[in-house]
Amino acid sequence: MQTVLPPPAEFIPVALPLTEHSAPNAYATILSGINNLLPGVRLALYMLHEGLPEETMTAGRRLFDGRRSQIHFVDISEWMQTYNPAYLDTTDRTTFYSLAVPTLFANFSRIVYLSDDILLRACPSLLYYSIPATAQIGATRDLLLIPAQTNGFRLPQAIAGGPPLVDYHCGALGVLDSNNYFQNGVLVFNIAEISQAQAEECGHLCSTLFWMSDQDILNRIFYGKVHFIHQNWNVCWGPGCVEASETLPAEWKKIYDDGLANPFAVHFSGFPKPWTGWDGPYAEDFRRLLGDVLRAFP
């Protein structure tokens with residue numbers, strides 16, 4: 001399996017999934033980070049893909065090969081073919097790309113991983129250094145899933161016969177406290193602390209059907225070894241988020257509301273997205289970035 005060489009020491013490595021279709025919003029996510037760089041910070045960008053048109057890569061180089069950043073395109077087709085993920089019809093293949101990170105970037109000390117629907121409002125270097133050297137992974141709690149522990153929510157029948165969420169977390173994932181189940185939109189992998197066995201397990205578990213795909217697999221492997229970063233680094237915002245937040249226990253509701261008032265990173269979770277018609281706070285900020293990005297395409 002291929003591995004990627006680390007960037008020069010002065011670059012902060014950041015990885016994202018990329019397809020031809022998702023390129024504008026993935027590049028907008030990157031641009032939001034570039035626009036918030038602290039003085040002297042530079043980014044090394046690693047775009048994970050399974051075959052891209054040359055025009056998509058050319059646009060990325062036009063946007064991000066420069067003084068403040070460099071961009072690399074990492075084809076993960078071999079990893080995907082080796083582990084052959086099993087997923088629901090509603091799951092995108094790129095969902096599994098994060099699971100390849102411990103293998104592909106085995107020579108790195110750590111790396112930030114972002115989904116392609118993130119609006120950064122703070123410098124990615126702050127995220128990169130947000131976890132201690134002893135942690136294996138950095139993430140935020142999946143706050144908006146907390147009410148599902150007690151409101152009677154059951155998984156789809158296709159997943160283990162549709163058990164209650166808490167039973168599924170405990171029995172299938174080994175997550176003994178669902179409050180400590182983490183979200184996968186913004187991650188910091190401390191590669192130096194992740195074993196080869198854990199990296200391989202990320203791949204092998206792909207052939208088992210999980211409800212939340214890579215997020216469940218990551219929780220199964222890293223539960224108890226995660227450092228919870230500031231919740232403002234992954235503020236989920238989109239259709240239904242306000243309604244979901246209204247059912248949170250008071251202490252979690254305050255954390256969510258404080259994050260939404262001053263997010264370090266906004267995660268446009270759910271559908272539609274800002275680029276497919278959804279509107280709300282921060283959506284217009286993302287659309288402006290999309291406009292800047294689209295000018296780099298033919």
Side-chain angles (χ1 to χ4, degrees), residues 1-4 14-22 26 46-52 73-108 110-117 136-139 142 145 155-163 165 167-175 178 180-191 193-226 234 267 269:
M1 196 76 66
Q2 66 166 323
T3 56
V4 182
V14 179
L16 289 90
L18 187 66
T19 67
E20 179 184 5
H21 176 73
S22 70
Y46 298 90
M47 313 307 298
L48 308 187
H49 69 95
E50 294 178 83
L52 285 173
F73 297 91
V74 182
D75 191 330
I76 69 165
S77 299
E78 181 186 4
W79 190 93
M80 291 290 285
Q81 290 165 8
T82 297
Y83 294 111
N84 191 25
Y87 48 90
L88 300 172
D89 292 340
T90 55
T91 307
D92 191 290
R93 282 180 67 84
T94 61
T95 300
F96 293 91
Y97 289 6
S98 64
L99 297 172
V101 167
T103 295
L104 298 181
F105 299 97
N107 295 321
F108 287 49
R110 67 174 59 178
I111 189 169
V112 171
Y113 187 87
L114 304 173
S115 66
D116 59 10
D117 52 1
Q136 291 190 332
I137 198 168
D142 198 335
L145 200 60
L155 271 62
Q157 279 292 317
I159 307 296
L165 177 71
D167 291 349
Y168 172 75
H169 278 177
C170 183
L173 307 183
V175 175
S178 284
N180 289 332
Y181 177 88
F182 61 85
Q183 222 272 347
N184 67 342
V186 176
L187 299 167
V188 184
F189 287 92
N190 196 14
I191 304 293
E193 292 297 312
I194 296 174
S195 70
Q196 182 179 346
Q198 288 173 308
E200 291 174 354
E201 190 177 11
C202 284
H204 291 312
L205 286 175
C206 283
S207 60
T208 300
L209 186 62
F210 289 94
W211 177 48
M212 298 291 282
S213 304
D214 69 319
Q215 184 167 293
D216 282 353
I217 293 171
L218 289 169
N219 271 274
R220 174 165 160 162
I221 295 171
F222 295 108
Y223 177 72
K225 305 174 184 70
V226 60
N234 189 1
H267 183 183
S269 56

Residue pair [X] / [Y]: nearest heavy atoms and the distance that separates them:
X	Y	value
Ala160	Pro163	O-CD, 3.6 Å
Ser213	Thr91	OG-CG2, 3.4 Å
Ser115	Asp117	OG-OD1, 2.5 Å
Ala158	Leu209	O-CD2, 3.8 Å
Asp75	Gly51	OD2-N, 3.8 Å
Ile217	Cys202	CG2-O, 4.2 Å

(Q) My understanding is that only residues two or more places apart in sequence, or in another chain, count here; which of them pass side-chain contact (heavy atoms from CB on, under 4.5 Å) with Ala199? (A)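 In terms of side-chain contact (heavy atoms from CB on, under 4.5 Å), with neighbours along the sequence ignored, Ala199 is linked to Pro102, Thr103.
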(Q) Under the rule for side-chain contact (heavy atoms from CB on, under 4.5 Å), what residues qualify as partners of Thr94, not counting sequence neighbours? (A)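 By the side-chain contact (heavy atoms from CB on, under 4.5 Å) rule, Thr94 matches Pro17, Thr19, Asp92, Tyr97.
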Reported [atom1]-to-[atom2] distance for the pair [X] and [Y], which is rounded to 0.5 angstrom:
X	Y	atom1	atom2	result
Ile191	Ile111	CD1	CD1	7.0 Å
Asp216	Thr208	CG	OG1	11.5 Å
Asn184	Leu114	CG	CG	11.5 Å
Leu205	Leu99	CG	CG	8.5 Å
Ile159	Met212	CD1	CE	11.0 Å
Trp79	Asn84	CH2	CG	10.5 Å

Q. Can you list the steps and then say if Tyr168 with Leu173 is a side-chain contact (heavy atoms from CB on, under 4.5 Å)?
A. CA-CA 7 Å; Tyr168 172 75; Leu173 307 183; 4.0 Å; yes
Using the test ring pair (Phe, Tyr, Trp, His ring centres under 6.0 Å), find all partners of [X] that sit at least two apart in sequence or belong to another chain.
X	answer
His169	Tyr181
Tyr87	Phe96
His204	Tyr83
Phe222	none

Q: For Asp116 and Leu18, run side-chain contact (heavy atoms from CB on, under 4.5 Å): C-alpha distance rounded to whole Å, both residues' side-chain angles, the deciding distance at 0.1 Å, then the answer.
A: CA-CA 8 Å; Asp116 59 10; Leu18 187 66; over 6 Å; no
Q) Which residue, Val101, Leu48, Val74, forms the side-chain contact (heavy atoms from CB on, under 4.5 Å) with Val4? A)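 Of the listed options, the one satisfying the test is Val74.
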Q. Which is it for Leu52 and Met47 under the side-chain contact (heavy atoms from CB on, under 4.5 Å) test, yes or no, and what are the steps along the way?
A. CA-CA 10 Å; Leu52 285 173; Met47 313 307 298; 5.6 Å; no
Q: Determine whether Leu145 and Leu165 make a side-chain contact, defined as any pair of heavy atoms from C-beta on separated by less than 4.5 Å.
A: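 Side-chain contact under 4.5 Å: yes.
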**Q.** Residue from Tyr113, Phe105, Phe73 passing ring-ring contact (aromatic ring centres under 6.0 Å, His included) with Tyr46
**A.**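 Considering Tyr113, Phe105, Phe73, a ring-ring contact (aromatic ring centres under 6.0 Å, His included) with Tyr46 is found only for Phe105.
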Q.
Please determine whether the number of non-hydrogen atoms from other residues, nucleotides or ligands lying under 6.0 Å from atom CD of Glu200 exceeds 12.
A.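 Count over threshold, so yes.
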Q.
Please identify which of these residues, Glu193, Gln198, Lys225, meets the side-chain hydrogen bond (donor to acceptor under 3.5 Å, both in side chains) condition with Gln136.
A.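 It is Gln198; the other options fail the test.
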Q) How far apart are the C-alpha atoms of Asn219 and Asp142, what are their side-chain angles, what is the distance that settles it, and do they pass the side-chain contact (heavy atoms from CB on, under 4.5 Å) test? A) CA-CA 11 Å; Asn219 271 274; Asp142 198 335; over 6 Å; no
